[in-house]
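One structure is given below, encoded as structure tokens.
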Amino acid sequence: VPARGSPLVVDPQDFLEKYGYLHHEHQIHNSVEIHSAIREFQWLSHLPITGELDSATLLQMAEPRCGVSDEGSQKNWGQRVNLIFTGRRRPQRRR
Amino acid sequence: RRSDAQAEKWYKRHLTYQVVNWPRHLSLGSVRLAVRAAFQLWSNVSNLVFEEASEGPADIRLAFYEGDHNDGTGNAFDGPGGTLAHAFLPRRGEAHFDMAERWTLNGHKGHNLFMVTAHEIGHTLGLEHSPVRHALMSPYYRKLGRSMVLSWDDILAVQQLYGKPSGNRPVRLPGQVLHAALQEWEFTELQTPGLPLYCRGVFDAITMDEKKTVLVFRGNVYWTISAEGGQSGPLLLRQRWPELPQAIEAAAFSQLDSKWYFFRGKRIWRYTGNVLDSGFPMKTSELGLPRRPDSAFYYAPLGHMVLFKGARYYILNLKSLQQEPYYPRKLMDWNGIPQGTNGALTRPDGRLYLFRDQRFWRFDPMKVRVTREGQWARDLSWTGC
């Protein structure tokens with residue numbers, strides 16, 4: 001019976017793409033994108049924001065989690081907080 | 001990006017749900033209880049009402065799959081660990097759970113199905129992940145503790161979509177209700193005559209003492225099977241080892257020092273008989289060991305304790321209480337042994353037996369490979385089943 005199961009070590013780029021921190025369509029990501037993606041993940045995971053793939057970040061990536069993407073969680077949370085303090089929805093900027 | 005006005009949500013307030021299938025080692029009754037409590041979490045704080053569909057299509061379907069399950073996202077489940085579950089935003093109405101995970105209710109070893117279900121239901125209602133620490137909708141599932149399950153951000157998000165609960169509905173605290181109901185459920189199951197509960201295929205740990213008595217641990221109780229086949233149990237774990245937590249994740253009796261070693265979360269307990277050794281419990285990190293090992297056993301050919309966790313194994317020197325140098329190594333050294341075993345013990349003939357769900361693997365130290373496997377409740381008479 002082949003051994004199955006999740007590897008303890010996660011491929012960081014796959015992880016950042018899968019959970020919405022790096023966009024799939026950009027197969028090659030420049031260092032600015034990658035550092036920014038790592039920082040965003042560290043922010044959401046309440047880790048020290050270093051932008052580096054340090055051991056704490058790698059350990060967190062390997063923890064059991066939900067398979068839904070994290071994309072949008074920061075923006076929507078920002079809107080909710082804004083709602084609390086201003087009682088108004090921030091108008092959507094049109095790009 | 002979706003504008004807020006297009007947030008995906010349900011346009012009706014009364015939603016039905018259905019449990020399509022469930023893990024075999026959990027009874028349908030306890031799964032239905034947990035799912036009902038998980039939906040109650042959200043109806044308590046919003047204007048939504050949920051009802052289990054007795055027949056016909058339901059708005060929200062909860063189902064367990066293994067590996068690739070063709071749900072159109074290409075997100076196959078990845079076996080034990082990693083991704084535990086995922087769900088779809090309204091109005092698809094689906095939440096999927098990885099059948100290969102070790103699901104548990106009531107604090108046993110594994111992933112708490114109630115908390116994961118409550119989180120995935122949040123997605124089926126239109127909630128995304130929350131960056132708020134300890135939010136139920138955090139991407140990393142919360143532990144079921146004593147504090148409220150929903151954070152302020154969870155409540156705000158669901159009320160933004162569906163409004164506050166209308167004033168006159170009773171509010172019940174699902175967490176406590178569920179906990180009490182499941183404990184009662186488990187207690188009645190424990191008392192039912194017939195084979196011990198663990199024979200259904202799941203236990204937290206197994207080991208064998210110097211008198212060749214096998215001990216099987218599950219939740220806050222354990223069973224013993226003597227070398228002659230005599231059984232006793234369920235016996236309360238904390239009656240014999242009082243300082244232990246309600247449940248453990250791994251246990252090993254060491255022939256080297258005739259001591260008991262128990263593991264749960266980040267800690268290790270060591271007992272001489274039923275007396276806790278001074279200095280214990282210790283943090284496993286102080287010994288260079290991982291938290292929450294899958295299984296642990298004393299391995300005479302090495303003269304050390306071995307701990308399995310995911311794709312690696314660790315060697316603990318019991319004299320120095322330190323991990324041996326050049327470890328951890330890859331589990332592949334143990335030819336044929338899979339990841340995620342939930343118990344292991346060495347029989348008097350020196351062969352090592354490992355267990356996962358209903359299956360066992362027999363590892364021969366002389367041939368350094370698995371030489372037999374099968375269903376342990378059926379094939380191994382010394383397991384008391």
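Letters A, B, ... mirror the listed sequences (proteins, then strands); counts begin at 1.
Only the side chain of Glu120(B) comes within less than 4.5 Å of a heavy atom in chain A; its backbone stays farther off. Within the 4.5 angstrom heavy-atom criterion, no atom of Val116(B) approaches chain A. Heavy atoms closer than 4.5 Å to chain B are found in the side chain of Ser45(A), but not in its backbone. Residue contact with chain A, scored on non-hydrogen atoms closer than 4.5 Å, involves the side chain of Asn75(B) exclusively. Neither the backbone nor the side chain of His96(B) comes within contact range of chain A; no heavy atom of the residue lies under 4.5 Å from a heavy atom of that chain.
Note on Tyr141(B), Phe88(B), Trp152(B): by heavy-atom pairs under 4.5 Å with chain A, the leading option is Tyr141(B). Of all the listed residues (Met332(B), Met137(B), His123(B)), the one sharing the greatest number of non-hydrogen pairs under 4.5 Å with chain A is His123(B).
Ion pairing of Glu94(B) with Arg61(B) is present here, as a side-chain N (NZ or NE/NH1/NH2) and a carboxylate O approach within less than 4.0 Å. Salt-bridge formation is not detected for the pair Arg264(B)/Asp204(B): no Lys NZ or Arg NE/NH1/NH2 atom is positioned less than 4.0 Å from an Asp or Glu carboxylate oxygen. A salt bridge does not link Lys266(B) with Glu249(B): every distance from a Lys NZ or Arg NE/NH1/NH2 to an Asp or Glu carboxylate oxygen is 4.0 Å or more. Salt bridge present: Asp333(B) and Arg329(B) bring a charged side-chain N and a carboxylate O closer than 4.0 Å. A salt bridge links Arg359(B) to Glu373(B): at least one charged side-chain nitrogen sits closer than 4.0 Å to a carboxylate oxygen.
Under the 30°/60° scheme for interplanar angles, the aromatic rings of Tyr21(A) and Phe41(A) are found to stand perpendicular.
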